[in-house]
Number of protein chains: 2
Amino acid sequence: MRSIMQKVEVLKTIAHPVRIRILEELLKGVKCVSDFEDFLEISQPNVSQHLSLLRRQGLIDHYMDGRLRCYFLKDPIIPDLLEILKKDYIEELPAPACCPVTKKGTYPGTRHR
Amino acid sequence: MRSIMQKVEVLKTIAHPVRIRILEELLKGVKCVSDFEDFLEISQPNVSQHLSLLRRQGLIDHYMDGRLRCYFLKDPIIPDLLEILKKDYIEELPAPACCPVTKKGTYPGTRHR
DNA sequence: TGCAAATATAATAATATTTGCATATATTAA
DNA sequence: TTAATATATGCAAATATTATTATATTTGCA
């Protein structure tokens, strides 16, 4: 099981527009740095920076393909997370029945919304 | 569908040790502020701060129960995300066959690991 | 009415993150 | 060997996040 801090690390690592797009792209298959450079329209050093953060966190890995570096997904949590983020949720969660007992005792409650 | 930026917002909001613990606790049921104060052993303003961020992002909501504020989960993505974070993954993802064609052409590749 | 409990808000200070830019390194091709 | 391509690294400026302290608001009750 991941510790709380490991969970936080994974989430923080993914929580960036460029990195989400990199991961979504890697879900489709292997890509090299210059592929991302075109696709994301950001500078090469910036692409490398994001890739190397993702790699440090163990979320992706790469192999050498001549002079290209081919990146691919490594941590199995990624496809699952991306799928949930893509999913359409229609309904909110059911609001709990009013009013469960809390530490301080129960009062007649009025719903906020 | 959530936009990229909405995905980033959700992830960033969850990516904090205190907020993960708040959400995990709310998964079990309704809790009021002072419950969290004891449970998390942080100051009341700090609890309120995290709760109000979670509420601003639409992840939780509350109702009044006398002078208590009872918080509960609202966004249905939360239980799904928490479940995935809890899950134990044994194996890494299978490494892709070496070497798919990339934009720049294919070279005889050597695996990095 | 007025007080106390529960909670929220605001301002601040400390810290962490992100970004852009310049430069360094490594490999290959000519 | 040199030029070109691919990638990595270091650093400073801009920005964001966090915890803390002080203060405000709301509610129930005496």
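Just so it is clear: chains get the letters A, B, ... in the order the sequence lines come, proteins before strands, and each one is counted from 1.
Across all non-hydrogen atoms, the minimal contact from A:Asp88 to B:Met1 is OD1-N, 2.8 Å.
B:His62 contributes atom NE2, which lies 10.5 Å from atom NZ of B:Lys74 (distance to the nearest 0.5 angstrom). Atom CD1 of residue B:Ile78 and atom CG of residue B:Leu54 lie 7.5 Å apart, to the nearest 0.5 angstrom.
Counting heavy atoms from C-beta on, the side chains of A:Leu59 and A:Ile14 come closer than 4.5 Å. Taking 4.5 Å as the limit, some side-chain heavy atom of A:Arg56 sits within range of a side-chain heavy atom of A:Leu53. Inter-residue side-chain proximity for B:Thr13 and B:Gln57 is flagged as met; some heavy-atom pair is nearer than 4.5 Å. Two residues are said to be in side-chain contact when any heavy atoms from C-beta on lie closer than 4.5 Å; B:Val18 and B:Asn46 fail this criterion.
Residue contacts shown for B:Phe36 are absent, as no nucleic acid heavy atom lies under 4.0 Å away.
In this entry the distance linking CG of B:Leu40 with C1' of D:dT18 reads 15 Å, nearest Å. Between A:Gln49 atom CD and C:dA24 atom C1' the separation is 15 Å, expressed in whole Å. Atom-to-atom, CD of B:Glu37 to C1' of C:dT7 comes out at 9 Å; the value is rounded to the nearest Å. Atom CG in B:Leu51 sits about 15 Å away from atom C1' in D:dT18, given to the nearest Å. To the nearest angstrom, P of C:dA8 lies 7 Å from NE2 of B:His62. Taking atom CZ of residue A:Arg56 and atom P of nucleotide C:dT18, one finds them 11 Å apart after rounding to whole Å. Note: CD (B:Gln44) to P (D:dA19) measures 14 Å, nearest angstrom. Following rounding to the nearest Å, B:Glu41 (CD) and D:dA19 (C1') show an atom-to-atom distance of 16 Å.
A sub-4.0 Å separation between OP1 or OP2 of C:dA8 and a side-chain N or O of B:Tyr71 is present. Side-chain nitrogen and oxygen atoms of B:Arg69 include at least one within less than 4.0 Å of the OP1 or OP2 phosphate oxygen of C:dA8. Under 4.0 angstrom from either OP1 or OP2 of C:dT7 there lies at least one side-chain N or O belonging to B:Ser34. Between A:Ser48 and D:dA8, a side-chain N or O to OP1/OP2 separation shorter than 4.0 Å is present. The side chain of A:Asn46 contributes an N or O atom lying less than 4.0 Å from OP1 or OP2 of C:dG20.
Contact check of residues 9-20 of chain B against DNA chain D (heavy atom, cut-off under 4.0 Å) returns B:Lys12, B:His16, B:Arg19.
Among the nucleotides D:dA22, D:dT7, C:dT7, the one closest to any side-chain atom of B:Leu68 is C:dT7. The side chain of A:Cys32 approaches D:dT7 more closely than any other nucleotide in the set D:dT7, D:dG28, C:dT7. Comparing C:dT9, D:dT27, D:dA19 by their nearest atom to the side chain of B:Pro45 picks out C:dT9. The nucleotide whose nearest atom lies closest to any side-chain atom of B:Ser52 is, among C:dT9, C:dA8, D:dT7, C:dT9.
Between the side chain of A:Glu25 and the backbone N or O of A:Ile22 there is no donor-acceptor pair closer than 3.5 Å. No donor-acceptor distance shorter than 3.5 angstrom exists from the side chain of B:Ser34 to the backbone of B:Glu37, with no hydrogens or angles considered.
Cation-pi contact between A:Arg55 and A:Tyr71: absent, since separation from the ring centre below 6.0 Å together with deviation from the ring axis within 45° is not met.
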query: Please, what dot-bracket string fits DNA chain D when only Watson-Crick and G-U pairs with both distances under 3.5 Å count, crossing ones use [ ] and pairs to another strand use |?
result: ||||||||||||||||||||||||||||||

